[in-house]
Asker: 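Quick one: the structure is below, questions incoming.
Every chain is numbered from 1, with letters handed out A, B, ... down the list of sequences.
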Amino acid sequence: MISWPQSRSPLLDSVVLNPVQKEAVVYDEGPQLVFAGAGTGKTRVLTAKIAFLIQEKGIPPHQIFAATFTNKAAREMQLRVESLTGLPLKGLWIGTFHSLCARLLRREASRFGFSPSFSIFDADDQLSQVKKTVRELNLDERTMPPKTLLSAMSRYKNACIQPQTLVEKQGSYFEQELVRVYTAYQESLTRQQAMDFDDLLAQSVYLLRRDEDVRRSYQAHFRYVLVDEYQDTNLAQFYLVKLLAGAGNRVFVVGDDDQSIYAWRGAQVENILSFETVFPGTKVFKLEENYRSTEAILAFANAAITPNVVRAAKTLWTGRKGGAGVLVTRYRDDRMESESVCDAVKAALSRGVKARDVAVLFRTNAQSRLFEDSMRKRRMAYVLVGGMSFYERREIKDCLAYLRLCVNPKDDVSGERILNVPPRGLGDKSRDLLVAGAREAGQSLAELICGNDRPLPALLARGQKGLSELREVLLLLFELVKDNASPHTVCSEMLTLTGYLTVFEGEDSEEAEARIENVNELLNALAIWTEENPSRGLAEFLEEISLASDLDRWERKDDAVNLMTLHCAKGLEFKSVFIVGCEDGILPSRQNFDDEAKIEEERRLFYVGITRAMETLECSSADQRFRFGNLLPMIPSRFLSAVPDALYSFIDKSGYIAQPREERHHAHSLDFGTRQGHRRAEPAPHHEQAFSHAAAPDDFSQETVQYRMGQQVAHKIYGRGKIVNLSGFGDDMRMTVLFNDGSRRKLMAKFADFETL
DNA sequence: CCATCACCACTTTTT
DNA sequence: GTGGTGATGG
């Protein structure tokens with residue numbers, strides 16, 4: 001380990017770097033590429049590099065452009081650099097490509113006829129807009145599926161191909177119509193002063209390409225361009241790096257081709273593999289010493305990735321000899337897998353492992369449910385990352401649409417969304433009339449409704465009242481925003497004015513209650529944000545929301561196990577990792593069977609999962625799994641069989657307790673699983689007893705907690721009470737509890753967090 | 001106009 | 001098992 005010989009800074013002296021890492025940090029000639037294998041300290045190098053540039057090279061923070069993969073990574077990196085240099089780094093351009101581009105585009109908005117407060121459309125908004133465009137062009141949604149169109153447009157945008165350059169080209173019917181849709185879609189976005197995710201990148205590229213002044217000024221301004229996770233950049237991001245770097249090529253990128261897992265959304269591994277040719281004179285550094293995983297895990301990882309053909313040669317090694325072997329397990333079905341994995345997690349916790357250091361990783365979000373159920377049943381705390389995020393819920397999106405409209409009244413996707421929310425008698429018919437009227441007047445929906453300079457289109461009588469109500473609401477909200485009211489005030493005012501919650505309050509369903517709770521949580525989040533960002537307004541809040549991923553909001557909790565997809569786990573590390581659902585069809589995904597390049601990406605995904613583990617790793621598979629509502633036979637992943645047996649221990653728990661005399665390998669024959677529509681099998685046997693107590697098949701803890709009428713219970717929040725009613729059973733059991741404070745509550749048994757007395 | 005019900009396709013992965 | 005869409009009737 002070497003410290004900084006010529007450093008004047010005691011803080012920089014404190015960074016421990018190996019010789020290669022140090023060389024990469026200090027080198028300062030031309031373009032630089034760091035091949036950083038998993039766990040080789042790439043974040044450390046990147047942070048040290050930025051600190052070095054600021055402190056030793058005297059580059060002002062605002063002249064550094066650093067793109068990370070998540071906003072969270074950016075925040076953490078900034079904090080670390082700040083603590084290294086002891087300087088606040090206010091102006092540093094650090095963030096995801098998307099947020100950095102948004103920042104650039106807002107600064108330069110006037111140059112391309114946009115307002116700096118343009119909206120950012122997320123996937124949901126994009127889809128609404130495409131659907132609308134398809135309808136306007138009188139296309140059939142079945143032959144021209146909006147989703148397909150959207151992904152095709154996304155491909156064009158990733159390659160920075162504008163619709164006007166496509167018009168001349170001839171192609172299939174689909175392609176020709178695609179160009180029409182693409183053209184109309186972009187026009188509508190411009191009209192609404194909106195950018196979608198892809199536009200943030202593409203429009204930045206167009207701007208820098210088109211406007212020499214802008215390009216020159218940014219090239220002169222940024223003295224360094226740094227990119228993390230370079231293997232996952234797409235063509236637009238590559239162009240950006242190239243355009244921003246300019247002739248000086250002060251570019252420093254870090255990545256690992258073996259961890260490239262986003263080709264499906266346009267990332268090109270070629271960016272990293274051909275970096276040296278594209279940036280002549282590149283200095284390459286290779287980090288191959290892994291500081292994260294035990295030798296056993298690393299050997300397993302190396303073996304798992306070996307079959308890939310498309311990769312730069314490298315071999316990770318570690319000085320940490322030994323370590324617990326990797327465990328590969330095979331279960332009867334998905335339920336048994338989740339139960340057993342949760343038991344194994346629980347066992348680890350009782351051995352003293354902290355829940356925060358444990359992760360269960362899966363290929364698809366749908367797999368999380370079983371694990372959530374199993375953990376809840378065991379009263380184990382967990383954090384689920386990803387899936388349906390808070391800000392994607394309908395009620396939240398409704399509220400946000402109002403807020404977005406306040407910032408950008410031209411946003412018709414938001415306008416149409418809230419037109420009849422809550423229901424105010426403005427249905428499809430009224431909407432069409434208003435949209436047509438707005439189009440004719442050259443205005444947006446909100447502008448038309450709020451402007452009084454022009455008679456509104458004749459509406460059905462029923463709509464008039466609702467329309468003037470909406471107008472009042474919007475006018476009041478616009479007024480508030482003009483007076484710089486806090487985001488929290490605007491939102492709560494909107495709720496009062498529209499009576500959004502009264503519909504739910506009238507309903508007595510769990511769902512309505514959850515909605516109300518979510519909206520309250522949003523208000524809460526707004527209040528906190530306002531407090532933490534007193535100088536920033538609604539527009540900034542909305543931008544932060546729309547560019548933040550679920551992972552960005554994730555925080556490790558000391559006592560909660562982490563549940564997430566393999567994609568989400570990139571860049572993270574955990575002492576104990578469980579990779580579940582290691583089956584052909586899941587990992588690798590069935591949809592990628594046909595293409596060897598895609599299989600290789602799936603294999604890299606597996607590799608990413610493996611290399612998250614520091615101390616223990618278990619990879620599990622199930623012989624049968626519920627998918628699409630039926631029980632399907634599964635076989636263990638080809639990725640597992642590619643790893644030599646000697647590198648792991650294998651435990652087969654897939655045998656049937658009901659057929660103890662059967663030969664073991666018959667026990668998991670497929671005939672059992674082919675009956676379609678089969679209901680989920682009886683409670684799975686505890687895995688440690690699977691073969692030992694054939695006579696006691698089902699005393700497993702499916703329902704260890706029993707409830708009965710009149711029973712006394714104690715709830716964490718509501719205190720003590722008595723069960724006065726019960727209905728349903730299993731996961732659907734509901735109960736009414738009369739608490740000692742006099743309140744009466746309906747609860748789902750499976751969620752109810754209390755002790756029986 | 002809106003609530004309800006039947007039917008359908010769908011599950012990769014996300015800034 | 002989900003969630004979105006389309007037909008129907010109040």
Asker: Which nucleotide, B:dC1, B:dT11, B:dT12, lies nearest any side-chain atom of A:R363?
Answerer: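 Looking only at side-chain atoms, A:R363 lies closest to B:dT12.
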Asker: Between A:K42 (side chain only) and A:V254 (backbone N and O only), is there a donor and an acceptor less than 3.5 Å apart?
Answerer: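 A pair under 3.5 Å: no.
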Asker: Hey, mind stepping through A:L201 and A:N234 against side chain to side chain contact (heavy atoms under 4.5 Å, CB included) and telling me if it holds?
Answerer: CA-CA 10 Å; A:L201 306 176; A:N234 64 23; 3.8 Å; yes
Asker: Is A:T565 close enough to B:dT12 that one of its side-chain N or O atoms is under 4.0 Å from OP1 or OP2 there?
Answerer: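 Looking at the OP1 and OP2 atoms of B:dT12, neither is under 4.0 Å from any side-chain N or O of A:T565.
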Asker: On the 0 to 90° scale, with breaks at 30° and 60°, tag the A:F97-A:F65 ring pair as parallel, tilted or perpendicular.
Answerer: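 Ring orientation of A:F97 relative to A:F65: tilted.
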Asker: Can you tell me the distance, in whole Å, between the CZ atom of A:R155 and the P atom of B:dT15?
Answerer: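 In whole Å, B:dT15 P lies 20 Å from A:R155 CZ.
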Asker: Please figure out whether A:D428 or A:L547 has its closest DNA chain B nucleotide nearer the 5' end.
Answerer: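 Closest to the 5' end, via its nearest nucleotide, is A:D428.
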Asker: In this structure, how many angstroms lie between the C1' atom of B:dT14 and the NZ atom of A:K570, rounded?
Answerer: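 After rounding, the reported distance stands at 11 Å.
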Asker: Tell me whether the side-chain N/O atoms of A:R369 come closer than 4.0 Å to OP1 or OP2 in C:dT2.
Answerer: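 Yes, A:R369 has a side-chain N/O under 4.0 Å of OP1/OP2 on C:dT2.
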Asker: Select base, sugar-phosphate, or nothing to describe what A:Y262 touches, counting heavy atoms under 4.0 Å on all strands.
Answerer: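 The residue A:Y262 makes sugar-phosphate contact but no base contact.
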Asker: Of all residues at least two apart in sequence or in a different chain, which pass the side-chain contact (heavy atoms from CB on, under 4.5 Å) check with A:A525?
Answerer: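 A:Y391.
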Asker: In whole Å, I'd like the distance from the CD atom of A:Q367 to the P atom of C:dT2.
Answerer: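 So the two atoms are 17 Å apart, to the nearest Å.
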Asker: Counting side-chain heavy atoms from CB outward, which of B:dT13, B:dT12, B:dT15 is closest to A:H567?
Answerer: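 The answer is B:dT13.
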Asker: What integer distance in Å separates A:E392:CD from B:dT14:P?
Answerer: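 After rounding, the gap between these two atoms is 10 Å.
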Asker: To the nearest Å, give me how far apart CZ (A:R394) and C1' (C:dT2) are.
Answerer: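 Rounded to the whole Å, the gap is 15 Å.
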Asker: Taking only side-chain N and O atoms of A:S430, does any of them lie within less than 4.0 angstrom of OP1 or OP2 on B:dC1?
Answerer: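 It does, given that an N or O in the side chain of A:S430 lies less than 4.0 Å from OP1 or OP2 of B:dC1.
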Asker: Looking at A:N365, does any N or O in its side chain come under 4.0 Å of the phosphate oxygens OP1/OP2 on B:dT14?
Answerer: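 A:N365 to B:dT14 OP1/OP2: side-chain N or O found under 4.0 Å.
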Asker: Rounded to whole Å, please give me the gap between CZ in A:R335 and P in C:dG1.
Answerer: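 So the CZ-P distance, A:R335 to C:dG1, works out to 11 Å.
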Asker: Counting only side-chain nitrogens and oxygens, does A:K598 get under 4.0 Å of the OP1 or OP2 atom of B:dT13?
Answerer: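 So the side chain of A:K598 is outside the cut-off, no N or O lying under 4.0 Å from OP1 or OP2 of B:dT13.
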Asker: Does A:D623 come within less than 4.0 Å of A:R332, counting only side-chain N to carboxylate O?
Answerer: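 A salt bridge is absent here (no side-chain N lies under 4.0 Å from a carboxylate O).
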Asker: Could you tell me whether A:E136 atom CD has more than 12 heavy atoms of other residues or ligands within 6.0 Å of it?
Answerer: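 Yes.
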Asker: Expressed in angstrom and rounded to an integer, what is the separation of A:R590 atom CZ from B:dA9 atom P?
Answerer: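 Checked: the CZ to P distance equals 18 Å.
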Asker: Under 3.5 Å, which N/O atoms of the protein pair with N/O atoms of nucleotides 8-10 of chain C?
Answerer:
none

Asker: Give the rounded distance in Å between these two atoms: CG of A:L566 and P of B:dT13.
Answerer: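 These atoms are roughly 11 Å apart.
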Asker: Quick check: on DNA chain B, is the nucleotide nearest A:Q126 upstream (toward 5') of the one nearest A:N420, or the reverse? Name the residue that is more 5'.
Answerer: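 The residue whose closest nucleotide sits nearer the 5' end is A:N420.
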Asker: Would you say the side chains of A:S621 and A:E583 form a donor-acceptor pair under 3.5 Å?
Answerer: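 A:E583 and A:S621 do not have a side-chain donor-acceptor pair below 3.5 Å.
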Asker: Give a yes or no on whether the backbone of A:Q192 and the side-chain of A:N408 come within a donor-acceptor separation of less than 3.5 Å.
Answerer: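 Flag set: sc A:N408 to bb A:Q192 pair under 3.5 Å.
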Asker: Return the nearest nucleotide to the side chain of A:K131; candidates are C:dG4, B:dT14, B:dT11.
Answerer: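 From the listed options, C:dG4 comes nearest.
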Asker: When rounded to the nearest Å, what value does the distance between P atoms of C:dG4 and B:dT13 take?
Answerer: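 About 15 Å, rounded to a whole number of Å.
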Asker: Answer yes or no as to whether B:dT13 has its base stacked against A:W264, where stacking requires a ring-centre separation under 5.5 angstrom and planes under 30 degrees apart.
Answerer: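 Stack criterion met.
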